[in-house]
Amino acid sequence: MNEELEHFDACRQVIRENIRVYEEKVKSGKKETEDLYAAVASGDVELYNQLIVSRDILTHTENMLRKNRAALNKPYFGRVDYTEEGSGIKESIYIGKNGVSKNKTEVLIVDWRAPVSAIYYENELGAGSYFVPDTGEIRVDLRLKRTFDISDGKLNGYYDNDTAATDELLVRYLSQNKDVVLGDIISTIQKEQNEIIRESPYCDVIVQGVAGSGKTTVAMHRISYILYNYEKKFRPSEFCIIGSNDMLLHYITSGLPELDVHDVRQKRMDLFFRELLELENQKELLKIFGKRPKETAKKGEQEAVKSRMEFILALEDWLAAQKAAFVPAEDIRDEKLGVILSGESIADTLKENPEYSVVQLQKLLNERIQKRIAFLMTEEESAEKKKAVKKRYRGYFQMEKGKSSIVLLYADFLQTRQCELPKPGEFSVYDLAALTLIWKRITAKSLVEEYGQVIIDEAQDFGESVYYVLKQVLFGCHYTIMGDVSQNINYDTGMNDWEELRKQVFCGERQHFHILAKSYRNTIEISEYAGRILQKASLGAYRITPVIRHGREVEFYRTGPGEAALSDQVRTVLNEVQARGYDTAAVICRDEAQAARVRRLLGMPESIEGGEAAFSKGVMVLPIQFTKGLEFDAVILYNPSQADYGENEAEAKLLYVAVTRALHELHVVYEKELSSLFDERATKT
């Protein structure tokens with residue numbers, strides 16, 4: 001312990017000196033950049049390149065200062081001692097949230113994202129290995145793995161164990177409030193989570209994770225890991241996080257700066273398709289969307305049909321027939337020149353360019369026709385004659401007027417399925433996906449290559465057809481898909497299992513499927529109720545394995561009749577929760593109409609339109625649909641009656657989502673008949 005205390009103090013001293021040096025460099029760098037900017041602004045354009053270099057150096061220095069400041073109170077969380085096989089080199093490294101160097105050549109603390117840090121997360125004592133991108137596997141003999149308990153600049157102790165973080169330390173972190181948990185999560189990443197984080201960025205990853213298993217956290221850390229280790233292969237702007245509502249996206253991305261991730265894009269799924277369609281400024285789309293990008297959430301029998309693979313594959317077959325009509329593989333003959341392009345040649349062109357739309361193919365073939373005419377005509381023929389022949393065949397392949405409207409094409413297809421075209425403003429995410437596929441196959445003028453990594457959270461919210469279209473449209477993109485089919489609240493349109501997606505969309509060798517069964521969010525007391533509801537929600541397909549962490553019993557309150565009595569009880573519970581020091585609490589309602597009434601009764605802002613409000617500390621009153629992916633220190637479940645949550649799979653999934661949002665406390669306030677999805681013991685409390 002004395003040796004570790006000495007090392008700890010020495011590390012902090014180096015960090016303090018780094019901070020002093022970087023503060024001075026930032027100060028002088030700012031002045032230099034300001035002077036150069038003033039000089040360029042006054043007309044000395046020769047200094048422009050120097051200004052850019054100076055600004056880049058300043059940004060790097062500010063980043064190093066930020067990392068050292070962040071490392072001062074908790075420099076590291078782990079240590080591994082090992083011997084490299086083959087070379088026999090012995091190493092002892094300390095691992096922290098932020099990498100820290102003593103000088104240009106001596107690394108003091110290794111960044112958690114570095115390849116060698118995988119030893120700490122994944123290896124047990126003895127023979128093991130870690131993977132280095134572009135190098136391969138490095139085999140090691142691990143002699144020591146140590147986890148440190150550090151808080152507020154003080155080393156409290158350490159644990160030597162075969163696992164990355166002992167249950168004792170992990171439970172201590174999880175028992176704190178939500179903000180502290182997020183801050184310490186890097187030091188408690190578990191082996192099964194780390195394997196997903198460090199998966200190759202060149203494969204598609206699907207993760208089935210129970211509520212509280214860390215899916216969102218793993219996704220955020222995976223982004224950070226890829227950008228750290230593959231910075232020359234992927235830029236932050238190539239990443240896009242996709243979710244079902246704006247609140248979820250804000251919640252996810254608010255934690256990225258802590259992980260040294262900046263400039264990553266985020267999009268709601270419906271807006272992602274909309275923006276793809278608007279790449280080529282199709283004026284007709286404004287009419288169907290309207291000017292304001294409202295969240296599309298149309299329900300109904302037709303949407304259930306459109307969400308499935310059968311529908312989207314039928315559209316593919318229909319589009320293939322359209323493509324054959326627009327670009328027929330038939331000989332193009334001229335009376336004097338003979339065959340300009342053979343049908344066989346056209347067929348080969350189509351086969352060689354499967355990613356090309358009809359418009360791209362027509363442009364390519366028209367160019368080939370012009371070149372063939374130039375080749376076939378003799379040198380003796382006049383330039384005017386050549387020009388006239390070329391003019392006659394210019395635009396040989398072209399779209400007829402009206403046939404290039406993707407909306408009209410969609411209407412034609414829907415007629416074959418005995419479906420009606422939605423009215424303007426009522427296009428669902430599945431309509432947008434279908435329109436995007438039509439655009440891709442028929443009218444797109446270029447490939448979409450701007451995305452390298454797409455991360456989809458709460459992936460079960462969407463049916464398979466959405467993923468099929470994304471896979472077809474985003475050229476060369478790789479996917480990280482995080483979800484829990486037990487939390488599919490869009491029962492008729494979302495995913496209730498992963499099989500179809502894995503068979504039809506992500507079915508190649510570079511598709512990896514992971515299951516996260518352990519829940520780190522809820523206490524044992526909350527998990528017991530969640531587990532029983534889960535049996536109804538997923539028919540036992542995926543079970544929760546909770547971390548052994550005890551807390552308050554789930555508390556039930558039966559009130560007098562009427563919403564005034566319910567809201568009075570809610571207010572009392574909220575006051576008690578806040579008095580116990582919790583920062584985040586949610587009152588979860590069945591739908592937005594009920595939530596709006598409760599907000600009025602509690603004197604809170606009345607509506608959260610389209611889920612656009614940001615996640616915040618304090619008390620939030622939310623419908624279940626906007627709580628997915630979020631977590632709160634305490635949850636009050638508002639009047640979960642038998643009428644709202646019957647004993648069926650669809651409504652069990654809704655209740656499962658609501659119950660599992662609670663980190664520490666769950667309170668159930670109800671008026672008359674409590675849902676039978678809770679057990680009999682609950683109604684007697």
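Since the model is a prediction, treat every value here as computed from it, not as a measurement.
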For this session: State the CZ-CD1 distance between F272 and I456, to the nearest 0.5 angstrom.
Result: 8.0 Å
Exercise. Just by distance, with hydrogens left out, do D484 and Q460 show a side-chain donor and acceptor under 3.5 Å apart?
Worked result: no
Exercise. Which distance, rounded to the nearest 0.5 Å, do you find between the NZ of K628 and the CG of L622?
Worked result: 13.5 Å
Exercise. Which word best sums up how the rings of F678 and F556 line up, parallel for under 30°, tilted for 30 to 60°, or perpendicular for over 60°?
Worked result: perpendicular
Problem set entry | Heavy-atom side-chain contact between I252 and M220 under 4.5 Å | yes
Exercise. Do the ring centers of Y656 and Y645 come within less than 6.0 Å of each other?
Worked result: no
For this session: Drop me the distance from M620's CE to M604's CE, to the nearest 0.5 angstrom.
Result: 7.5 Å
Exercise. Is a side-chain donor or acceptor of R599 paired with a backbone partner of V621 at a separation under 3.5 angstrom?
Worked result: yes
Exercise. How long is the gap from OG on S244 to CE on M269, to the nearest 0.5 Å?
Worked result: 9.0 Å
Exercise. Just checking, any donor-acceptor pair under 3.5 angstrom between side chains of D591 and Q594?
Worked result: no
Problem set entry | Polar side-chain atom of Q193 near backbone of S213 as donor-acceptor pair, under 3.5 Å | yes
For this session: For the residue pair E673 and S641, confirm or rule out a side-chain donor-acceptor distance under 3.5 Å.
Result: no
Seminar exercise, completed: R661 and T627 have their tightest heavy-atom pair at CD-O, 3.3 Å
Problem set entry | Step-by-step side-chain hydrogen bond (donor to acceptor under 3.5 Å, both in side chains) determination, T559 to E671 | CA-CA 5 Å; T559 73; E671 178 187 0; over 6 Å; no
For this session: Could you tell me whether the side chain of Q625 reaches within less than 4.5 Å of the side chain of I489, counting heavy atoms only?
Result: yes
Exercise. Between E458 (side chain) and G629 (backbone), is there a donor-acceptor pair under 3.5 Å?
Worked result: yes
Exercise. Is there a donor-acceptor pair under 3.5 Å between the side chain of R441 and the backbone N or O of A320?
Worked result: no
Exercise. Using the ring of each side chain (for Trp, its six-membered ring), is F234 parallel, tilted or perpendicular to Y202, with breaks at 30° and 60°?
Worked result: tilted
Problem set entry | Step-by-step side-chain hydrogen bond (donor to acceptor under 3.5 Å, both in side chains) determination, D263 to S237 | CA-CA 6 Å; D263 303 321; S237 60; over 6 Å; no
For this session: Show the numbers, then the answer: is there a side chain to side chain contact (heavy atoms under 4.5 Å, CB included) between E464 and L313?
Result: CA-CA 11 Å; E464 299 94 348; L313 292 177; over 6 Å; no
Exercise. So, Y467 and Q504: side-chain donor and acceptor under 3.5 Å apart, yes or no?
Worked result: no
Exercise. Does any N or O in the side chain of R521 come within less than 3.5 Å of the main-chain N or O of A211, such that one atom is a donor and the other an acceptor?
Worked result: no
Problem set entry | Heavy-atom closest pair, residues Q487 and K215 | NE2-NZ, 3.9 Å
Exercise. What is the distance from atom CH2 of W439 to atom CG of L277, rounded to the nearest 0.5 Å?
Worked result: 7.0 Å
Exercise. Which atom pair, heavy atoms only, marks the closest approach of Q453 to C477?
Worked result: N-SG, 4.0 Å
Exercise. Do any N or O atoms from the side chain of R510 and from the backbone of D204 form a donor-acceptor pair under 3.5 angstrom?
Worked result: no
Exercise. Which is it for V205 and I481 under the side chain to side chain contact (heavy atoms under 4.5 Å, CB included) test, yes or no, and what are the steps along the way?
Worked result: CA-CA 6 Å; V205 178; I481 295 171; over 6 Å; no
Exercise. For residues T216 and D457, is any side-chain donor paired with an opposing acceptor at under 3.5 Å?
Worked result: yes
For this session: Say whether D431 and Y410, considering side chains only, have a donor N or O and an acceptor N or O under 3.5 Å apart.
Result: yes
For this session: Using a 4.5 Å cut-off on heavy atoms from C-beta on, say whether the side chain of I442 contacts that of S357.
Result: no
Problem set entry | Side chain H250, main chain D246, donor-acceptor under 3.5 Å | no
Exercise. In this structure, are over 12 heavy atoms from other groups packed under 6.0 Å from K363 atom NZ?
Worked result: no
Problem set entry | Contact check, side chains of E316 and Q472, non-hydrogen atoms, under 4.5 Å | yes
For this session: Please say which of Q208, E199, E195 ends up in a side-chain hydrogen bond (donor to acceptor under 3.5 Å, both in side chains) with H514.
Result: E199
Exercise. Is there a side-chain contact between T480 and V454 (heavy atoms, below 4.5 Å)?
Worked result: no
For this session: Taking the side chain as every heavy atom from C-beta outward, state whether V327 and V358 have any pair of such atoms under 4.5 Å apart.
Result: yes
Exercise. Any cation-pi pair here, R590 with Y638, using under 6.0 Å and within 45°?
Worked result: no
Exercise. If you count the non-hydrogen atoms of other residues, nucleotides and ligands that lie under 6.0 Å from CD in E647, is the total more than 12?
Worked result: yes
For this session: Give a yes or no answer on whether the side chain of Y479 reaches the backbone of L470 with a donor-acceptor pair at less than 3.5 Å.
Result: yes
For this session: Would you sort out whether N522 and Y529 count as a side chain to side chain contact (heavy atoms under 4.5 Å, CB included), showing the intermediate values?
Result: CA-CA 10 Å; N522 316 121; Y529 281 100; over 6 Å; no
Exercise. Do K518 and E192 meet the salt-bridge criterion of a basic N to acidic O distance under 4.0 Å?
Worked result: no
For this session: Could you tell me whether K653 and E649 make a salt bridge, using a distance below 4.0 angstrom between a side-chain N and a carboxylate O?
Result: yes
Problem set entry | Residue pair F462 / Y430: nearest heavy atoms and the distance that separates them | CA-OH, 3.5 Å
Problem set entry | L666 side chain reached by V659 side chain, heavy atoms, under 4.5 Å | yes
For this session: Would you check if L534 and T660 make a side-chain contact, meaning some heavy-atom pair closer than 4.5 Å?
Result: no
Problem set entry | Among L437, L435, T436, the one residue meeting side-chain contact (heavy atoms from CB on, under 4.5 Å) with F273 | T436
Problem set entry | Closest heavy-atom pair and its distance - I624, L654 | CD1-O, 3.6 Å
For this session: Please determine if K423 and E426 form a salt bridge, counting it only when a charged side-chain N lies under 4.0 Å from a carboxylate O.
Result: no
For this session: Check whether more than 12 heavy atoms from other residues, nucleotides or ligands sit under 6.0 Å from atom OH of Y356, and answer yes or no.
Result: no
Exercise. Do the two ring centres, one from F311 and one from F413, sit under 6.0 Å apart?
Worked result: yes
Problem set entry | Distance in Å, R308 CZ paired with S465 OG, rounded so as to fall on 0.5 Å steps | 8.0 Å
Exercise. Is the backbone of G463 close enough, under 3.5 Å, to the side chain of T493 for a donor and an acceptor to pair up by distance?
Worked result: no
Problem set entry | Intermediate values then yes/no, side chain to side chain contact (heavy atoms under 4.5 Å, CB included), V207 and V218 | CA-CA 10 Å; V207 178; V218 167; 5.8 Å; no
Exercise. Do any N or O atoms from the side chain of E238 and from the backbone of R235 form a donor-acceptor pair under 3.5 angstrom?
Worked result: yes
Problem set entry | Between T253 and Q266: side-chain donor-acceptor atoms closer than 3.5 Å | yes
Problem set entry | Which atom of Q322 lies closest to which atom of L409, heavy atoms considered | OE1-CD2, 4.4 Å
Exercise. With L276, which of L432, L271, V448 fulfils side-chain contact (heavy atoms from CB on, under 4.5 Å)?
Worked result: V448
